[in-house]
Amino acid sequence: MQRVPAKVDFVALEEEILQLWESENFFAKLKQQVTGKPMFRFIDGPVTANNPMGVHHAWGRALKDCFIRYNVMNGKDCNFQNGFDCQGLWVEVEVEKQLGFQGKPDIEAHGLDKFSHACRDRVNTFAGVITDQSKRLGQWMDWEDSYYTHDDRNIRGIWHFLKVCSDNGWIYSKALPMPWCARCGTSLSEHEMAGSYKEMTHLSIYGQVPLLSDRSRRLLIWTTTPWTLSANVAAAVHPDLDYIEVKADDWDHTLILCEGAKKVLAGTGAAIVARFKGSDLVGERYETFHPEFKMQTGVEHRVVPWDVVDAAEGSGIVHIAPGCGKEDYELGKEIGLEPIVPIDENGMFFEGFGVLSGKGAADVPDEVAAILEASGKLFKAVDYDHKYPVCWRCKDPLVFRLVGEWFISCDEIRPRMKVAAADVQWKPAFMGARMQDWLDNMGDWCISRKRYWGLPLPFYVCADEDCGHLTVIGSMDQLRERALDPEKVDALPELHRPWIDDVDIHCEKCNKPVTRVAEVGDCWLDAGIVPYSTTGFFDDPEKFERSYPIEWVCEMREQVRLWFYSMLFMGTTLSDRSPYERVLAYERGVGEDGTMFSKTGYMIRFDEAADKIGADAMRWLYCRQPVTSDVRFGYAAGELAQRKLAGLWNIYSFVVTYALIDEPDCAAPLNMDALTVTDKWMLARSAELIEKTTAGYQDYDSPSVVREIESFLDDISNWYVRVNRRRFWKNEDAANQAAAYGVLYRAIKTLCLVLAPVAPFLTDSVWQNLVRSMEPDAALSVHHHAWPTAPAEWKNADLLVRTETVRSTLSLALNLREKASLRVRQPLRKMFVVGGEDCRVALAEQAELVKSELNVKELEIVDGTADFMRASLGLDFAVAGRALRKDVGKVKALLGGLDDDVQATIAAVQATGADVQLPGWDTPLPANIFSRKEVAGEGVEVSAADGITVALDTELDDALRQEGLVRDLVRKIQVLRKASALDVSDRIRLSLVTEESDLVAGITQYESLISQEVLAIDLARETLADSLACEDWEIMGRKVQVALSRQG
RNA sequence: AGGCCUGUAGCUCAGCUGGUUAGAGCGCGCGCCUGAUAAGCGCGAGGUCGGGCGUUCAAGUCGCCCCAGGCCUACCA
């Protein structure tokens, strides 16, 4: 066993343990140990291998590792496979930035093969970084066996899924105005839109367009997206709403708008000239905003009815551009409006849009306003604050664009998914409701992306006009079978663009050659197949049997609509059930003050935090945090966690310090007869710790585990070690000392075991040095040891309660000392305690302890408080409420009004258990509805709580004062020893020189005690000649000169 | 617009099926203890338990309404 420093450097300790784990192959040995055991069927959600971790990413990883460790200690095997999410827009965007690209044309020019390689490289780089960081966090995973969503196995799995969807008739393509990112050149799916609406300011335009039937009448139309006016084909009104026509003196026209929107006329002085229903406008033709644009020629612009129109904002007349909005498109389809698509995939106006052609949609609002101004069609243009969607990856504002995309129809599977999701145990439970809500609202899944680095959709649409058949490839065999050139299939380096694009197949229906569609897949397809692709569903039935369904997944809340959703979708499709049984979802990681972390703004990097406070402290913070609220991460909180951990270190370092001197056999069987009361209590408390933490882990409730441990640490440190300190040194009673070592050792070992999943480094460090020294046959690591069960002979619930009583008694008595300004080193003559039977038993049992803790000579447990207390009655509301019902208030008032003598009289009656005749109340009242209150008499220090009353005799005599002085003296000498850099076992020569008579008397009387306490072999009354230290002190006003020197 | 979560001391959070005077940690002030000694303990100040109404003998806890923050969903033009 090594000596350990009093103060611990967690970061250095963790680095050391990491090296040990590495060099001794602890993880490999653990895997060996659990092979063949029943599985903890965990699966890791793929983390995006695109950037280094921030501290907020480490929360989930800490929780996962914690519960895996717990389960493994419980004799389970586990699929220790970490996963990386590797495909999709997020990787492409970062690689584009890296290469300085502006958009898709740059990628095309660069070459798809080189681009794919660059994406793969980036993924590998950051998978490596994240792996290193995860190791530093203490995660034990099979890092060599991580899965990557871009690998062919995963892609083939998704092909299989898509083929099943196709066989079910769910796959279709259609043109729809989709949320579109002009920078990324692709549309986004519904689940990518969640949370993407941000508050921003845009120029909104109120346009006024003339009716063709009478150009002096104009429609007032509002939009927040001026660029879409170029694609206007209709104006919608609500047929049942009231519309008004207004005129101002300085206008040469009238203006038509919904009455409910007339506040926009403020300041114009316009007056109503006509009033009619919206239906009266339907069918009117008008001149559009930009009639001069070529793309607008031949379009007939009409007023159309639409019952979703309201007047809450704008004018109550809605601009309709079916090429620029989903709802517009659907309306247009219903009533036969042809969409105009004004912008290309980069958000630039096509030819045919006059001066706007070639310009970016986002750049033209002012110009549009100017054009309308010039043509007299601008009513006003004002800045407007609203929520507008942005691209979740690159944060550019989105546009809506009519494009052809691929979808999976959800109508058939929705009810099945709802049933499957209802079988899942969601924690917190409201996540289940959220999933149901999402499923109710989900539209068809848009699975295509017009990008490059992603799952190649195995869709082949026959170009033959008469055929047009969609062939979906579900496996490599099918691809080889249908390929024009099967050799090309075998020569594919990987299932990615551009290579896969080279493989043409024969149409399933007409056998003509067909080329793959250009699109790649939504990255949530990649993640969703993981419960199948990594568990052997496609290639290892035996493994699948063991690993499926997934028992537990743990991810951030937003995965409800992402990973949890896509897994549920695929599981329901392939197995008609949820692929996972139990979910733990947690909130976000935020800064200490609640500030959100973001890549561009405020951020604590993982590496920085690990270097500063260490992984154990980080994990402690994460595990302590309820999953239902954001975890606040910061260094003040981190320091706090470190202090809790230091609590364990202090106890550990204490026992090591003395064990090195005494060389006890801590692990020897306990001699139950030699155990003191506090020993038995410590064991009972340890047993309780095991039971409570086990329940917490079992319920995936790490915060309750950490709270239990905090309370245990406090108990072991501030009770057990505090009161038993002296048993560890200079203890002549070998059996007694052995008991102390044995018990403290067991408490520490137990604590290490139950804390190991949360703080794997510190606990293993203690294990290596202390436990393995004491028990050479112990497991190599705390993480290899079985989860503890509470030994029956440790349990003692009654003793736990009695000790609580004793501790409350001490607390009361110390409170009295505080009030009387009597320091604890000053001995007192006597204390009285009054309490119930339980209290009497408890104090009698632990009387010596109480006396020494309180430094009183005598403890008297008395029957009544008559000597120093007076009783009065209150009500026990729990009982009285039921007995008296509405009369409770009256009785309470009566009681409050009694004078002291009467109170004492009825209290005496109540104490006997007889019915109480309360003055002013007709009927006798049962004793049990009352509660007793004790009031101090005169001239006594009395304190009471929880049915215990403590009284202290605070009078001092000369003998007590002298003893107090001596104890102060001893204490100060001990400090001087320490300051003089003496070791705890060094012997000294001591001199005490004083003229003060009571101090002289004290020193004389307690000479041997002083020498014993401070390890002095000689106590001189004259100053030492060659002292190591010599100081003049004043103790309670008495002067004394103290000197000491090291002996030998 | 609808739904969900949260709201308890200056800060971070406990508070079980309603029960006497609502707790802990941090921070602050004052003491104390210590052969774990740059730790530890006690006491004190600090609360309209977000607000209101209701149910009840009794509400931080149950119900309804409102407010604030966060999140989710939605035909957010």
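Chain naming here is simple, since letters A, B, ... match the order of the sequence lines and numbering starts at 1 in each. Only a predicted model underlies this, so the values are computations on that prediction, with no experimental measurement involved.
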Convert the base pairs of RNA chain B into dot-bracket notation, remembering that pairs crossing earlier ones are written with [ ] and that bases paired across to another strand are shown as |; include only Watson-Crick or G-U pairs under 3.5 Å.
(((((((..((((.....[...)))).(((((.......))))).....(((((..]....))))))))))))....
Closest listed nucleotide, where the reference is the side chain of [X] and the choices are [options]:
| X | options | result |
| --- | --- | --- |
| A:Phe430 | B:rC5, B:rG70, B:rA77 | B:rC5 |
| A:Arg557 | B:rC5, B:rC71, B:rC72 | B:rC71 |
| A:Val824 | B:rG40, B:rC5, B:rC32 | B:rC32 |
| A:His319 | B:rC43, B:rA77, B:rA36 | B:rA77 |
| A:Asn441 | B:rU73, B:rG25, B:rG70 | B:rU73 |
| A:Arg434 | B:rG40, B:rC4, B:rC33 | B:rC4 |
| A:Gln625 | B:rC75, B:rU73, B:rC13 | B:rC13 |
| A:Leu640 | B:rC13, B:rG25, B:rA77 | B:rG25 |
| A:Asn718 | B:rA36, B:rC43, B:rG40 | B:rG40 |
| A:Asn650 | B:rA36, B:rA77, B:rU73 | B:rA36 |

When all nucleic acid strands are considered with a 4.0 Å heavy-atom cut-off, which category describes [X]: base, sugar-phosphate, or nothing?
| X | result |
| --- | --- |
| A:Arg807 | nothing |
| A:Pro703 | nothing |
| A:Ala433 | nothing |
| A:Leu331 | nothing |
| A:Ile320 | nothing |
| A:Lys7 | sugar-phosphate |
| A:Thr657 | nothing |
| A:Ser653 | nothing |
| A:Val655 | nothing |

Where each residue is assigned the nucleotide of RNA chain B containing its nearest heavy atom, which of A:Pro5 and A:Ser811 is assigned the position nearer the 5′ end?
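Between the two, 5'-proximity favours A:Pro5.
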For A:Ile661 and A:Ala880, find the nucleotide of RNA chain B closest to each by heavy atoms; which residue's nucleotide sits nearer the 5' end?
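In this pair, the answer is A:Ile661.
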To the nearest 0.5 Å, what is the distance between CZ on A:Arg825 and CG on A:Leu969?
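With rounding to 0.5 Å, CZ (A:Arg825) is 10.5 Å from CG (A:Leu969).
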Nearest-0.5 Å distance that lies between atom OG1 in A:Thr225 and atom OH in A:Tyr388:
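That separation rounds to 6.0 Å.
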Under a 4.0 Å N-O cut-off, is there an ion pair linking [X] with [Y]?
| X | Y | result |
| --- | --- | --- |
| A:Glu1013 | A:Arg726 | yes |
| A:Arg977 | A:Asp986 | no |
| A:Lys427 | A:Asp699 | yes |

Using whole Å, what does the distance between atom P of nucleotide B:rC26 and atom CZ of A:Arg624 come to?
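My rounded result for the distance is 11 Å.
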The test is ring-ring contact (aromatic ring centres under 6.0 Å, His included); show your working for A:Tyr658 and A:Tyr741 and say whether it passes.
CA-CA 9 Å; A:Tyr658 294 106; A:Tyr741 274 112; 8.1 Å; no
Is the shortest side-chain N/O distance from A:Arg825 to OP1 or OP2 of B:rC33 below 4.0 Å?
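Answer is yes, contact under 4.0 Å.
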Tell me whether the OP1 or OP2 atom of B:rC33 has a side-chain N or O from A:Arg971 closer than 4.0 Å.
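For B:rC33, OP1/OP2 do not have a side-chain N/O of A:Arg971 under 4.0 Å.
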Donor-acceptor pair present, A:Ser717 side chain and B:rA36 base, under 3.5 Å
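It does, because a donor-acceptor pair links the side chain of A:Ser717 to the base of B:rA36 below 3.5 Å.
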Donor-acceptor pair (no angle test) under 3.5 Å: A:Asp310 side chain, B:rA77 base:
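Answer is yes: a donor-acceptor pair is held.
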Does the A:Ser315 side chain pair with the main chain of A:Ile317, one donor and one acceptor, at a distance under 3.5 Å?
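Yes; judged by distance alone, with no hydrogens or angles, the pair exists.
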Checking side chain to side chain contact (heavy atoms under 4.5 Å, CB included) against A:Phe564, which of A:Arg434, A:Glu558, A:Met435 comes through?
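Single side chain to side chain contact (heavy atoms under 4.5 Å, CB included) partner of A:Phe564 among A:Arg434, A:Glu558, A:Met435: A:Met435.
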